[in-house]
Amino acid sequence: MSRNAKINGLLLLLVAALAVLPLALGLGDHKEEPFTGADAEAETAITEIRPDYEPWFSPLYEPPSGEIESALFALQAALGAGVLAYYFGLRRGRRQGEQRAAARAGSGAPASGAEATADADVRATATSAAPAPAPAPAHADATATATPDKGA
């Protein structure tokens, strides 16, 4: 098992423990709603300390039910995870491409498969885009033998 696989397995176990331990240990059993968000906890704490407190701002959109609020939160989390996965995948792909290019340049060995075809296409495009070489200058001897002498 490689080092990365061990680290990934350990991280997966840690995440599972963070999800299961609060449920298994009964954390939050003394509360009416054991797993409410931080906003609700803060609102409860503030109203206990100062019952006459009035918020400075009100929400721009108040979902009609808790289920819709949860669905919007899940959608936001999914979009964020998609953006992060795209970024990390793009970064990894670029790094792998750079490593392959460096390995090809360092070893001097020809590439195989699709990489060889792509390299050949790039070379063909580069040579066809290059300006045509200038014609060789004609020598006086070649011109004299190619055309008959008219002056004599």
Side-chain angles (χ1 to χ4, degrees), residues 1-139 142:
M1 186 182 265
S2 71
R3 182 172 186 254
N4 285 341
K6 288 179 185 177
I7 291 173
N8 288 341
L10 183 64
L11 288 174
L12 186 62
L13 280 172
L14 182 66
V15 168
L18 285 173
V20 172
L21 282 177
L23 298 172
L25 297 176
L27 299 177
D29 283 346
H30 62 281
K31 297 179 181 179
E32 188 176 315
E33 293 182 33
F35 298 108
T36 57
D39 293 344
E41 294 283 333
E43 183 180 348
T44 304
I46 290 171
T47 54
E48 286 177 4
I49 296 169
R50 284 188 55 196
D52 60 333
Y53 175 77
E54 290 194 27
W56 295 357
F57 301 100
S58 62
L60 296 175
Y61 172 70
E62 189 78 32
S65 69
E67 290 84 10
I68 293 175
E69 185 176 357
S70 294
L72 289 173
F73 181 74
L75 178 65
Q76 177 186 0
L79 287 172
V83 168
L84 284 175
Y86 173 78
Y87 170 73
F88 286 120
L90 182 68
R91 197 169 134 203
R92 180 177 182 183
R94 284 184 179 169
R95 186 178 63 234
Q96 286 177 347
E98 289 171 358
Q99 288 173 348
R100 286 181 187 148
R104 267 187 277 148
S107 68
S112 63
E115 294 173 357
T117 305
D119 288 345
D121 288 344
V122 168
R123 281 191 296 260
T125 304
T127 44
S128 65
H139 297 302

- Indicate yes or no: at least one non-hydrogen side-chain atom of Pro64 is less than 4.5 angstrom from one of Ile68. yes
- Item | Approximate separation, where rounding is to 0.5 Å, of Leu21 CG and Leu14 CG | 9.5 Å
- Query: Can you find a heavy atom in the side chain of Ile7 that is under 4.5 Å from one in the side chain of Arg3?
  - Reply: yes
- Rounded to the nearest 0.5 Å, how far apart are OG1 of Thr47 and CG of Asp52? 11.0 Å
- Task: Kindly check if the number of other-residue, nucleotide or ligand heavy atoms within 6.0 Å of OH (Tyr86) is above 12?
- Result: no
- Got a second to check how far Met1's CE is from Asn8's CG, nearest 0.5 Å? 10.0 Å
- Message: Contact between Tyr61 and Pro63 at the side-chain level, heavy atoms closer than 4.5 Å - yes or no?
- Response: yes
- Query: Does CZ belonging to Phe57 count more than 12 external heavy atoms closer than 6.0 Å?
  - Reply: no
- Query: Distance from Arg95 atom CZ to Phe88 atom CZ, nearest 0.5 Å?
  - Reply: 10.5 Å
- Step-by-step side-chain contact (heavy atoms from CB on, under 4.5 Å) determination, Glu48 to Thr44: CA-CA 6 Å; Glu48 286 177 4; Thr44 304; 3.7 Å; yes
- Taking all heavy atoms of Pro22 and all of Ala17, pick out the closest pair and write down the distance. CD-O, 4.1 Å
